[in-house]
Each structure stands twice: as structure tokens, then as C-alpha cells.
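Read the structure below first, then the notes.
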Amino acid sequence: MRTKEGKQTAPPRYDEEFKAGAVRMVIEQGRPSREVAKELGICIDTLHSWLKAAGAPTPGQADRQDRDTKHLRELEAENRALRKKLEEKNEVIDILKKSVGILGIP
């Protein structure tokens, strides 16, 4: 940060209680991090670093995890459906093989 005289100033320091409160607002209350940062008058990147330090997923990570989980469920459902179709086709093939054997066709 720079003052009017052009001198560099240190960023403000926040105590652990303040940081923990900000993190709780996002995690426990489910509030958007942008909203919390604006309300508390802190930089969004600062809040994200506190969330990361607390082991909470950042909003992008949470969205990505949700998409990955949804995609995995879709793939599992598709896999089940394909296995079922394959099983049905194998049953038809077995029936056809038996009928060919009954008719005496080589």
C-alpha cells in the first residue's frame, strides 16, 4: 500500500479471532466469500488465504468438487446401464446359440 507521499505502508494486521470469525461466516453460515470480504472491508484474496489455511475449500474448489461428483455419478449410472444392455445382449446370443444347436445347424 502506498500513502500520498509515495511511502510503502504495511497491510493491516488482523487478530486470530477476527480471521476465525470471517472463516466461520463463510463455512458455517454458507455466505459467499465476496459478500463477507466486502462486509468486513478486507480483500477477497486475504479471505481466501484464511479459508485455505483453515482447510476449507475455496469457492472454485468447491464448485469443481461438486461438478466432479456429479460427473462421477453420471458415469456410474451410464456404466450400470451399459452393463445391463450387455447382459441382455449376451442372453440373446446364448438363446440363439442354443436354438442353432437344437436345429442341428453347424
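We use all heavy atoms of the structure for the numbers below, so side chains are in, but hydrogens, waters and symmetry mates are not. Since we're looking at a predicted model, the values are computed, not measured.
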Trace of the side chain to side chain contact (heavy atoms under 4.5 Å, CB included) decision for Leu40 with Leu47 = CA-CA 10 Å; Leu40 297 176; Leu47 180 56; 5.9 Å; no
Exercise. Applying side chain to side chain contact (heavy atoms under 4.5 Å, CB included), run through Trp50 and Val26 and close with a yes or a no.
Key: CA-CA 11 Å; Trp50 295 347; Val26 175; over 6 Å; no
#### Entry: CZ (Arg31) with more than 12 external heavy atoms under 6.0 Å
yes
- Item | Beyond-backbone contact of His71 with Glu74, side-chain heavy atoms, under 4.5 angstrom | yes
Taken to the nearest 0.5 Å, the spacing of Leu82 CG from Lys84 NZ works out to 12.0 Å
- Are Lys19 and Glu16 within salt-bridge range, i.e. N to O under 4.0 Å? yes
d(Lys85 NZ, Arg80 CZ) to nearest 0.5 Å is 14.5 Å
Output for pair (Leu72 CG, Lys70 NZ), nearest 0.5 Å, gives 13.0 Å
query: Under a 4.5 Å side-chain heavy-atom rule over Ile, Leu, Val, Met, Phe, Trp and Tyr, are Phe18 and Val36 clustered together?
result: yes
Please table the atom pairs, donor to acceptor, closer than 3.5 Å between any side-chain atom in residues 86-94 and protein atoms at least two apart or in another chain.
| unit_1 | atom_1 | unit_2 | atom_2 | d |
| --- | --- | --- | --- | --- |
| Asn90 | ND2 | Leu86 | O | 3.4 |

### Query
With hydrophobic residues grouped by side-chain heavy-atom distances under 4.5 Å, do Met25 and Ile44 end up in a single group?
no
Report task. For atom CD of Glu17, decide whether the heavy atoms of other residues, nucleotides or ligands shown that lie under 6.0 angstrom number more than 12. Result -> no
